[in-house]
Amino acid sequence: MPELKARLMDEPAVNRALTRIAHEILERNGGCDDLCLVGIRRRGEPLARRIAERIDAIEGRDVPVGVLDITLYRDDLSVASENDMPRLNETQVPFPIAGKRVVLVDDVLFTGRTARAAIEALFQMGRPAQIQLAILVDRGHRELPIRADFVGKNVPTSHSELIAVRVPEIDGYTGVEIWTL
């Protein structure tokens with residue numbers, strides 16, 4: 001049974017990290033022209049919306065936000081039985097991404113496989129000018145040559161640990177925890 005090892009970030013710490021990421025996105029891109037955010041479903045979605053709110057507060061301009069379901073692009077799908085069938089959620093990217101600078105947003109970067117699947121899914125929608133990756137927590141252990149452009153916190157972990165990002169929309173509170181398996 002997993003056991004809580006530590007609370008790494010409370011709500012104010014998460015908020016500070018998201019504000020810093022918003023500033024870094026604006027600095028790297030010279031503002032928000034041709035910029036859009038796409039949150040990877042589940043926890044990447046509310047994080048992307050929070051970053052967009054901060055960009056709006058800084059620049060006074062709305063940045064389009066979409067939601068990407070990468071289920072069908074994962075390389076670890078198991079279809080051995082009907083009970084194992086993945087549950088599909090709706091991708092909602094109601095704007096063209098062709099020629100845009102797309103910032104993919106997710107909660108945790110681990111092996112890089114989720115980011116790879118998200119990039120593949122994006123290319124099915126068009127050819128962005130650039131794809132950048134914003135992550136709240138980078139825990140290391142990459143299996144693919146993928147790195148985040150914007151990171152809230154680097155947390156070296158072992159394979160017997162789990163990073164849990166909590167958001168009120170799903171979990172009822174905001175924070176980041178490390179669990180031992």
Side-chain angles (χ1 to χ4, degrees), residues 14 17-18 21-22 25 28-29 34-53 55 63-155 157 159 161-171 174 176-177 179 181:
V14 169
L18 294 175
I21 288 170
I25 288 169
R28 173 175 275 182
N29 292 287
D34 293 321
L35 186 71
C36 60
L37 303 177
V38 177
I40 299 173
R41 199 173 287 280
R42 289 209 42 202
R43 287 171 180 81
E45 176 182 359
L47 295 175
R49 293 190 194 292
R50 289 184 187 180
I51 292 169
E53 289 169 3
I55 289 173
V63 173
V65 178
V67 181
L68 190 62
D69 179 12
I70 61 155
T71 303
L72 292 178
Y73 296 91
R74 295 186 58 90
D75 62 3
D76 60 353
L77 283 180
S78 170
V79 290
S81 74
E82 197 169 293
N83 293 337
D84 291 338
M85 292 299 289
R87 192 174 120 215
L88 298 179
N89 295 293
E90 189 177 355
T91 288
Q92 300 167 341
V93 182
F95 47 85
I97 64 164
K100 302 285 187 190
R101 287 173 286 141
V102 177
V103 179
L104 275 173
V105 180
D106 204 7
D107 58 348
V108 178
L109 180 57
F110 182 34
T111 63
R113 293 184 180 282
T114 296
R116 183 218 47 88
I119 291 167
E120 189 174 326
L122 280 176
F123 277 119
Q124 294 297 313
M125 292 181 234
R127 188 172 190 278
Q130 186 176 34
I131 299 173
Q132 300 167 10
L133 181 60
I135 297 292
L136 184 59
V137 178
D138 185 342
R139 63 171 287 192
H141 301 288
R142 221 69 80 239
E143 294 175 4
L144 300 173
I146 290 176
R147 69 168 180 78
D149 299 283
F150 313 103
V151 178
K153 186 174 186 76
N154 286 292
V155 180
T157 62
H159 283 284
E161 294 173 323
L162 172 77
I163 297 289
V165 171
R166 308 297 186 184
V167 293
E169 297 86 345
I170 298 169
D171 308 295
T174 299
V176 177
E177 304 159 348
W179 292 75
L181 301 177

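Fair warning: this is a prediction, and the values are worked out from it, not measured in the lab.
When side chains are defined from C-beta on, Val176 does not count as touching Lys153, because their heavy atoms never get closer than 4.5 Å. For the pair Lys100/Phe95, no side-chain contact is recorded, criterion being any heavy-atom separation below 4.5 Å from C-beta on. No side-chain heavy atom of Val155 sits under 4.5 Å from any side-chain heavy atom of Glu161.
A search for salt bridge (Lys or Arg N to Asp or Glu O under 4.0 Å) contacts involving Arg139 returns nothing, not counting sequence neighbours.
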Listed pairs under 3.5 Å, donor-acceptor, residues 103-112 side chains, sequence neighbours left out:
residue: Thr111; atom: OG1; partner: Arg113; partner atom: N; Å: 3.3

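One distance of note links OG1 of Thr157 with CD1 of Ile163; it measures 6.0 Å at 0.5 Å rounding. To the nearest 0.5 Å, atom CD1 of residue Ile170 and atom CD of residue Glu45 are 7.5 Å apart. A distance of 5.0 Å separates CG of Asn154 from CG of Asp138, quoted to the nearest 0.5 Å. How far CD1 of Ile97 is from CG of Asp34: 13.0 Å, rounded to the nearest 0.5 Å.
Within the structure, no pair that satisfies the ring pair (Phe, Tyr, Trp, His ring centres under 6.0 Å) test touches residues 115-135, not counting sequence neighbours.
Each of Arg43, Arg49, Arg50 was evaluated against Glu169; a single residue qualifies, Arg50, per the salt bridge (Lys or Arg N to Asp or Glu O under 4.0 Å) test. Checking Ile70, Leu68, Val67 one by one against Arg41, the side chain to side chain contact (heavy atoms under 4.5 Å, CB included) holds for a single residue, Val67. When each of Ile55, Leu47, Ile51 is paired with Ile21, the side chain to side chain contact (heavy atoms under 4.5 Å, CB included) condition holds for Ile51 and for no other.
Closest of all the heavy-atom pairs between Gln130 and Asn29 is OE1-OD1, 4.1 Å. Considering every non-hydrogen atom in both Pro128 and Val102, the closest pair reads CB-CG2, 3.8 Å. Nearest approach of Gly99 to Ala129, heavy atoms of both residues: O-CB, 3.5 Å. Of all non-hydrogen atoms in Gly152 and Ala17, the two that sit nearest each other are CA-CB, 3.9 Å. The two residues Val63 and Cys36 have their closest heavy-atom pair at CG1-CA, 3.8 Å.
Here the side chain of Asp69 pairs no donor or acceptor atom with the backbone of Thr91 at under 3.5 angstrom.
Using a 4.0 Å cut-off between a side-chain N of Lys or Arg and a carboxylate O of Asp or Glu, Glu120 and Arg116 qualify as a salt bridge.
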